[in-house]
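Okay, structure first, notes after.
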There are 2 protein chains.
Amino acid sequence: MNQKRDTKMPATIEWLEGGTVRLIDQTQLPQTLVFEDCTTHEHIADAIRPLKIRGAPAIGCAAAFGMALCAYHSRANTADALLAELEKARECLAATRPTAVNLFWALERVMAVAQKAAESGDVAHVVQAVVAEAKEITEDDYARCVAMGDHGAELIPEGTNVLTHCNAGALATAGYGTALGVIRSAHLQGKKIHVWVDETRPLLQGARLTAWEMAQEGIPATLICDNTAASLMAQGKIGCAVVGADRIAANGDVANKIGTYGVAALCDMHGIPFYVAAPISTVDYSLSSGAEIPIEQRSPEEVTHLGLQTDESVAAAGVEIYNAAFDVTPARLVAAIITDRGVARPPYEEGLAALRE
Amino acid sequence: MNQKRDTKMPATIEWLEGGTVRLIDQTQLPQTLVFEDCTTHEHIADAIRPLKIRGAPAIGCAAAFGMALCAYHSRANTADALLAELEKARECLAATRPTAVNLFWALERVMAVAQKAAESGDVAHVVQAVVAEAKEITEDDYARCVAMGDHGAELIPEGTNVLTHCNAGALATAGYGTALGVIRSAHLQGKKIHVWVDETRPLLQGARLTAWEMAQEGIPATLICDNTAASLMAQGKIGCAVVGADRIAANGDVANKIGTYGVAALCDMHGIPFYVAAPISTVDYSLSSGAEIPIEQRSPEEVTHLGLQTDESVAAAGVEIYNAAFDVTPARLVAAIITDRGVARPPYEEGLAALRE
């Protein structure tokens with residue numbers, strides 16, 4: 001399934017022999033490309049919380065590797081003792097961020113494999129199975145992104161201007177990206193596209209990460225402040241929008257980076273198709289609508305210190321801050337959901353159910 | 001006409017005896033309150049360009065005072081020689097920023113007074129007339145803001161949440177503000193309102209200036225990233241929006257800070273009234289629609305260096321930047337235009353014409 005594409009991107013996260021997980025510290029980008037080596041699940045959790053690694057699919061990979069590190073370095077003598085340690089690691093990793101469902105999906109998947117392997121009573125077998133599963137989740141994620149990109153590229157017209165918000169790129173996945181995977185595939189197919197990159201306040205993932213990925217790939221891109229997209233739409237300069245997702249409810253409601261709902265609503269008003277690209281693991285079939293998706297609130301300093309890029313607050317002292325990390329876009333504003341298994345169209349209850357395993 | 005209100009704000013700009021104009025250097029706010037003393041029109045122009053003084057009405061006052069400085073310190077021996085110097089000063093000041101019409105309006109008004117006074121052939125009389133006119137433009141502006149605030153406050157319901165974008169406050173005028181004048185009047189009337197403050201990228205006038213004004217006045221306010229307002233609208237947490245204007249066409253189309261159009265469009269979609277507050281001097285009756293309003297493009301560094309708050313770019317190297325300072329909101333999205341002479345309602349061709357002198 002590991003269908004590698006020639007991208008200029010280093011691995012977002014990978015397993016090194018000897019029980020080390022190496023990930024790109026994305027808070028240092030685009031100024032410096034720094035890798036961080038982790039050997040414990042706590043270290044992985046500490047990397048997820050401040051967004052050293054972020055993006056729903058990449059968080060899933062990181063969580064799976066966190067479980068793998070726990071198993072690999074465990075001194076447990078019995079399979080049951082190891083399962084107990086893995087359960088604690090799962091709790092630690094699950095508490096890092098609430099919105100991206102891939103985190104919980106990956107943890108469940110690894111735990112299920114561990115429990116099955118533990119039936120043998122062989123500790124080494126559990127360790128091997130857990131590490132193999134984490135590697136497979138990550139390799140799968142890359143392949144799913146490529147499949148998604150190729151499905152989605154069919155929706156991107158030749159010569160169009162594509163708006164994207166936040167970073168749903170190689171850095172948000174095991175590689176290649178979801179929304180940026182669609183853009184990469186369209187570009188590789190020779191379609192002469194141009195990308196409008198929303199800077200994406202507060203943490204500036206668009207300016208720092210998406211603009212960097214576009215530069216690495218040589219895909220023409222222009223950076224804008226988030227509040228500028230509406231004016232470009234009114235001028236007819238945006239042909240479509242493609243974003244990623246942190247969780248999709250069974251009815252097609254989409255939780256994604258704050259500002260996504262505004263983009264979708266403005267697209268609707270201007271008759272511009274708004275697409276969401278996400279692996280099927282981002283769909284939470286247990287939720288009937290987006291109203292049930294928990295929305296993470298983050299620290300005021302991300303706003304007042306400009307994505308933590310300034311040492312002092314630029315905002316007036318004492319002002320209150322509202323900093324929700326995500327918003328929910330209702331399914332009616334979404335023209336299509338692009339998955340690794342194909343493109344779902346409304347009504348999404350049916351379209352997404354048909355793509356379910 | 002000088003109806004002072006008890007606000008906690010220092011004068012945005014004022015004439016000091018001896019031929020000095022003192023203005024707040026707004027690029028230093030909110031960290032430090034620094035005054036800059038100007039004695040030449042070139043110095044005033046140098047303050048307008050980097051937004052040390054900004055906001056359409058305040059730019060008008062600054063331009064008028066720039067003309068007054070030119071006249072006051074002139075060594076011209078004849079009225080005609082002084083007129084020639086004033087003409088050069090006008091050209092210099094008019095070239096600072098293209099969008100706010102109050103700049104050109106104020107320069108015309110001062111030049112007309114100078115030309116009339118020059119008929120006497122008395123240089124001292126021209127000087128006196130020009131300085132008096134500049135002072136009057138500024139005193140008028142304050143009084144107009146108070147009138148506008150009181151007219152507009154009637155549109156603000158008790159206990160509502162008001163969204164505002166950029167800074168249309170005391171700092172954007174001779175004092176009291178346009179949009180924030182409406183908010184000040186509603187607050188002074190005892191209406192328990194709360195203000196959502198868009199941070200307003202790229203230059204962060206909301207985070208730096210509007211949040212500061214709200215803190216000075218003790219008006220409850222919460223700062224948000226620009227991309228967050230849409231989600232608050234969907235949650236029913238915004239009752240109305242009030243913004244200022246840099247130029248209004250005769251048909252009611254409004255040029256204002258980039259992002260205003262997005263706010264207006266989203267308000268329309270959510271059934272939220274969107275109001276514009278501006279003195280009648282902001283209406284450019286010579287333009288039949290907003291399509292004719294020149295839109296200023298500003299430097300990429302305002303985006304990449306986060307409103308010039310960082311020493312280095314936070315954006316990926318080499319990415320293109322689009323940084324239009326303003327956008328145009330079509331009149332159909334504007335529920336009312338609040339002026340110093342009363343509130344205009346659609347159709348604005350008639351409503352605004354009726355308020356014309």
Side-chain angles (χ1 to χ4, degrees), chain A residues 29-31 165 196-202 204 207-215 220-232 234 257-263 265-266 268-270 300 303-304 306-307 309-310 312-324 327-328 330, chain B residues 29-31 165 196-202 204 207-216 220-232 234 257-263 265-266 268-270 300 303-304 306-307 309-310 312 314-324 327-328 330:
Chain A
L29 285 174
Q31 288 82 2
H165 187 72
W196 292 107
V197 180
D198 267 357
E199 64 172 2
T200 317
R201 281 282 286 142
L204 302 159
R208 297 191 300 106
L209 308 179
T210 295
W212 186 70
E213 288 198 29
M214 295 298 93
T222 306
L223 178 64
I224 54 172
C225 295
D226 300 331
N227 62 26
T228 304
S231 170
L232 293 171
K257 180 57 53 202
I258 189 77
T260 300
Y261 168 64
V263 169
L266 289 164
D268 184 62
M269 192 167 180
H270 293 86
V303 177
T304 55
L306 301 180
Q309 301 289 320
T310 61
E312 291 180 17
S313 170
V314 302
V319 68
E320 283 207 36
I321 310 292
Y322 172 84
N323 182 24
D327 60 25
V328 175
Chain B
L29 284 174
Q31 288 82 2
H165 187 72
W196 293 106
V197 180
D198 267 357
E199 65 173 0
T200 317
R201 283 281 286 141
L204 302 160
R208 297 190 301 106
L209 308 180
T210 296
W212 186 71
E213 288 198 30
M214 295 297 94
Q216 301 291 307
T222 305
L223 178 65
I224 55 173
C225 294
D226 299 331
N227 62 25
T228 305
S231 170
L232 294 170
K257 180 57 52 200
I258 189 78
T260 300
Y261 168 65
V263 169
L266 289 163
D268 185 62
M269 193 167 181
H270 293 85
V303 177
T304 57
L306 301 180
Q309 301 289 319
T310 61
E312 291 180 17
V314 301
V319 69
E320 282 207 36
I321 310 292
Y322 173 83
N323 182 25
D327 59 25
V328 175

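So you know, we letter chains A, B, ... as the sequences are listed, proteins then strands, and number each from 1.
Heavy atoms closer than 4.5 Å to chain A are found nowhere in L209(B), neither backbone nor side chain. Only the backbone of A317(B) comes within less than 4.5 Å of a heavy atom in chain A; its side chain stays farther off. Looking at D198(A), neither its backbone nor its side chain comes within 4.5 Å of chain B, counting heavy atoms on both sides. Interface remark: T260(A) contributes no atoms to any contact with chain B (heavy atom separation under 4.5 Å). Proximity to chain B (any heavy atom under 4.5 Å) is shown, for I321(A), by both the backbone and the side chain. Only the side chain of E199(B) comes within less than 4.5 Å of a heavy atom in chain A; its backbone stays farther off. Interface remark: A265(B) contributes backbone and side-chain atoms alike to the contact with chain A (heavy atom separation under 4.5 Å). Both the backbone and the side chain of L306(B) come within contact range of chain A, judged by heavy atoms closer than 4.5 Å.
Considering only heavy-atom pairs separated by less than 4.5 Å from chain B, the leading option among T200(A), T210(A), L29(A), D226(A) is D226(A). The choice from G318(A), A229(A), A221(A) that makes the most heavy-atom pairs within less than 4.5 Å of chain B is A221(A). With chain A as partner, the option from A324(B), P220(B), P330(B), A211(B) having the largest number of non-hydrogen pairs under 4.5 angstrom is A211(B).
Scanning for side-chain contact (heavy atoms from CB on, under 4.5 Å) contacts around A230(B) gives Y261(A), L266(B), with sequence neighbours left out. Residues passing the side-chain contact (heavy atoms from CB on, under 4.5 Å) test with Q216(B), sequence neighbours excluded: K8(B), M9(B), W212(B).
With T228(B) as the partner, the side-chain contact (heavy atoms from CB on, under 4.5 Å) test is satisfied by one option alone out of I258(A), V303(A), N323(A): I258(A).
Side-chain N or O atoms of N227(A) include none that pairs as donor or acceptor with a backbone N or O of G262(B) at under 3.5 Å.
In terms of heavy-atom proximity, L232(B) sits nearest to Y322(A) at CD2-CE2, 3.8 Å.
Residues V319(B) and V197(A) are not in side-chain contact: their nearest non-hydrogen atoms beyond the backbone lie 4.5 Å or more apart.
Taken from OG in S313(A) to CD in Q309(B), the straight-line distance is 9.5 Å, to the nearest 0.5 Å.
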